[in-house]
Amino acid sequence: MAKRYDIVIVGAGPAGLAAAEAALAQGARVAWLDAQSAAGGQVWRKDIRYGWPRQAARVITEVVNHPHATWMPQTQVIAAEQNALLLQNEREGWRITYGSLILATGARELLLPFPGWTLPGITGAGGLQALVKQGWPLDGRRVVIAGSGPLLLAAAVTAKRHGAHVLGIYEQASDAAVHGFARKLWRWPGKALQAAVLRSQLAGIPYHCGSIVTRALGEHALERIEIDGPHGTQRIECDQLAIGYGLVPNVELAQMLGCAMKQEGAHPCVDVDTSQRTSVTNIYAAGELCGIGGRDCAWLEGRIAGLVAAGADIDASLLRQQRHARTFAAALREHFKLDPYIHDLAQPDTLICRCEDVPLQALKDYDDARSAKLATRCGMGACQGRICGTALAELGLFPRSGQRPPLFPARLASLGELASSSETEGSFS
Amino acid sequence: MTQVRINIDGHALDVPAGISVAAAIAQSQRPFRRSVSGHMRAPFCGMGICFECRVQIDGIAQQRSCMVSVRDGMQVVTDG
Ligand SMILES: Cc1cc2nc3c(=O)[nH]c(=O)nc-3n(C[C@H](O)[C@H](O)[C@H](O)COP(=O)(O)OP(=O)(O)OC[C@H]3O[C@@H](n4cnc5c(N)ncnc54)[C@H](O)[C@@H]3O)c2cc1C
Ligand code: FES
């Protein structure tokens with residue numbers, strides 16, 4: 001029979017961690033899962049050389065070892081039904097049921113097409129950071145960091161720390177926009193401190209604003225890039241380009257569960273009330289999937305969701321802090337808005353769908369994702385449109401549509417498990 | 001740091017325990033995979049979303065190498 005938990009939390013980043021800590025302190029039995037092999041999410045991803053940041057290490061150890069917590073690493077949700085989830089790890093699939101579900105699935109990077117973007121040697125900016133923390137060799141490699149947002153600084157710090165020769169950071173936002181943002185930072189002292197620390201760690205690495213990577217070139221792997229900036233076009237020889245244009249909420253699971261969405265720019269995020277409740281009874285959402293808000297916001301919202309799901313009261317100061325953290329996100333969005341020029345970088349022969357190798361020109365004759373998909377296979381590959389669908393939405397071509405199970409390619413044996421045990425046990429008591 | 005021995009496309013390789021299979025392949029300087037029209041590809045998102053890092057691990061095809069840590073005795077096969 002499926003094992004039952006008071007609260008199940010999907011995602012072990014700051015939001016999921018805070019939710020678990022809060023719910024456990026209230027005496028709830030909590031199951032806690034993440035697709036990654038270690039807890040920490042994106043910002044607290046465990047570094048093979050340097051471990052977790054100290055504060056994260058303390059909470060993670062506490063939660064993982066708590067007697068009422070069941071930690072399920074390398075586990076993914078592949079399908080869901082009322083009060084039940086079908087899970088899968090490398091070896092098996094199984095089913096669990098819950099009283100309340102807290103979604104803390106975070107965000108991924110916004111990765112946009114430009115000529116040459118499929119060459120080996122090109123990764124996301126946070127993507128490179130993630131790879132490097134797990135042992136990707138960068139010693140002595142010439143690395144360019146580009147795209148937009150504060151994540152570029154964090155990626156540069158990690159690359160430098162692991163021995164990369166970081167040639168420069170190229171931010172698309174204008175000098176005026178970035179300085180305007182810096183002038184507002186005093187309103188969020190935690191962020192101002194983070195920025196100051198990053199700046200000191202980045203001493204000697206040039207930071208260029210108003211600069212856009214327009215093309216990448218190389219025979220079998222990246223050899224050089226072209227950058228358009230305030231002083232014209234520049235060519236740079238490099239081994240690695242880490243390029244990301246900000247973050248996009250991971251809403252696929254919430255969509256599959258039927259949670260109502262709202263739009264943030266071109267991308268959906270989960271609509272929640274002030275207690276982090278989604279539109280579906282007993283399902284909560286916290287952190288980046290409710291709109292990009294950063295680490296502190298994710299932590300506060302996770303805490304709120306954990307407390308409410310466990311039936312505890314939340315005090316007004318927690319809610320006040322959360323609202324303040326959200327205003328930071330609004331400032332970020334305003335100042336790091338994408339230059340429309342970036343939407344036009346892809347040429348007719350630039351591949352949009354990397355899984356099925358579909359170029360932009362093949363998509364021009366369709367006006368909705370479904371017909372384009374059926375005719376060209378765009379979005380039918382292994383990533384299930386997570387890269388191309390998100391990029392197309394950002395470019396204003398087709399909006400993203402809802403997800404049907406499975407969320408990720410599932411093994412047939414796991415789906416059999418779902419079919420054979422579809423009864424749901426009694427509700428949360 | 002403790003080392004584990006894995007095998008990539010028939011070549012034995014000693015790597016630090018705990019690194020990702022993607023990192024091990026990069027250290028070995030082996031290619032990752034070919035796209036449906038034959039172009040070389042390598043890890044792109046670094047976090048399990050894009051599936052560009054797929055390889056065969058211990059006989060199971062299409063595993064995302066950025067999401068799996070190395071284990072002693074692991075057999076990895078790339079498209080290279
Ligand atoms: C690649 C990347 C790097 C980043 N680096 C930094 C940084 O250095 N500094 C910084 O301040 N901010 C960074 N950020 C921003 C980051 O979004 C926030 O700081 C913070 O991590 C958000 O916390 P969260 O708990 O909402 O989500 P996350 O930290 O993103 O955690 C979500 C977790 O949910 C898991 N998950 C998602 N879907 C599923 C599923 N279906 N099944 C199982 N598990 C699932 C993911 O594996 C992930 O571990 C980064 C973001 C990205 C995408
Ligand atoms: S690099 Fe994208 S899934 Fe592994």
Side-chain angles (χ1 to χ4, degrees), chain A residues 35-38 41-42 45-46 48-49 73-74 76 90-91 106-109 111 117-138 218-222 242 244 248 250 351 353-358 377 381-384 386-388 390 408-409 411, chain B residues 1-4 6 8 13-71 74 76 78-80:
Chain A
Q36 313 279 343
S37 53
Q42 298 302 347
R45 184 182 289 270
K46 191 173 184 180
I48 188 84
R49 278 196 212 162
Q74 276 193 311
Q76 298 213 117
E90 242 189 299
R91 295 171 303 280
R108 57 174 173 264
E109 268 186 290
L111 302 164
W117 75 313
T118 53
L119 283 170
I122 302 177
T123 63
L128 183 67
Q129 186 192 37
L131 288 164
V132 170
K133 285 186 175 176
Q134 287 167 277
W136 186 272
L138 273 192
E219 183 85 37
H220 301 293
L222 177 67
V248 194
N250 285 325
L351 297 182
C353 173
R354 305 169 61 112
C355 296
E356 297 290 333
D357 284 358
V358 183
R377 297 194 52 81
C383 93
Q384 301 184 331
R386 279 179 175 72
I387 303 290
C388 64
T390 302
F408 274 109
R411 286 195 291 278
Chain B
M1 210 173 265
T2 50
Q3 300 275 117
V4 297
I6 65 167
I8 303 178
L13 183 73
D14 292 324
V15 292
I19 72 169
S20 66
V21 176
I25 297 170
Q27 289 190 9
S28 77
Q29 300 184 330
R30 299 284 310 160
F32 280 79
R33 63 177 280 269
R34 283 176 195 280
S35 73
V36 292
S37 49
H39 302 289
M40 292 317 299
R41 295 286 171 78
F44 179 54
C45 74
M47 49 176 286
I49 302 284
C50 74
F51 285 70
E52 289 281 30
C53 63
R54 274 170 292 163
V55 296
Q56 192 198 91
I57 299 174
D58 288 339
I60 306 177
Q62 314 278 337
Q63 299 292 301
R64 285 166 290 171
S65 60
C66 72
M67 299 289 282
V68 181
S69 305
V70 292
R71 284 184 301 263
M74 185 182 257
V76 178
T78 74
D79 269 1

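Keep in mind it's a predicted model, so treat the numbers as computed, not measured. Naming: A, B, ... by sequence-line order, numbering from 1 per chain.
Contacts of A:C388 with chain B are absent, with no heavy-atom separation under 4.5 Å from either backbone or side chain. Of the two parts of A:L351, only the side chain, counted from C-beta on, holds a non-hydrogen atom closer than 4.5 Å to a non-hydrogen atom of chain B. If you measure heavy-atom distances from A:Q36 to chain B, the contacts under 4.5 Å come from both the backbone and the side chain. With a 4.5 Å cut-off on non-hydrogen atoms, B:A24 does not touch chain A at all. Proximity to chain A involves both the backbone and the side chain of B:P43, based on heavy atoms less than 4.5 angstrom apart. Looking at A:Q42, only its side chain comes within 4.5 Å of chain B, counting heavy atoms on both sides.
Qualifying salt bridge (Lys or Arg N to Asp or Glu O under 4.0 Å) partners for B:D58, counting only residues two or more places apart in sequence or in other chains: B:R71. Every residue meeting the salt bridge (Lys or Arg N to Asp or Glu O under 4.0 Å) condition with B:R41, not counting sequence neighbours, appears here in chain and number order: A:D357, B:E52.
Minimum heavy-atom separation, B:M40 to A:H220: CB-O, 4.2 Å. B:A17 approaches A:I48 most closely through the heavy-atom pair O-CD1, 3.6 Å. In terms of heavy atoms, B:S69 sits closest to A:S37 at OG-OG, 3.6 Å. Nearest heavy atom pair, residue B:G46 against residue A:L131, reads CA-CG, 3.7 Å. When every heavy atom of B:A23 is checked against every heavy atom of A:Q134, the shortest pair comes out as CB-O, 3.3 Å.
Side chain of B:Q27 to main chain of A:G135: a donor-acceptor pair is present (N/O by atom type, distance under 3.5 Å, no hydrogens or angles).
Looking only at heavy-atom pairs under 4.5 Å with chain B, the residue among A:P137, A:A125, A:G124, A:G381 that has the most is A:P137.
Taken to the nearest 0.5 Å, the SG atom of B:C50 stands 11.5 Å off from the CZ atom of A:R108. Taking CD of A:Q384 as the start and CZ of B:F51 as the end, the distance is 7.0 Å to the nearest 0.5 Å.
Using cut-offs of 30° and 60° for the angle between ring planes, the B:F44 and A:W117 rings count as perpendicular.
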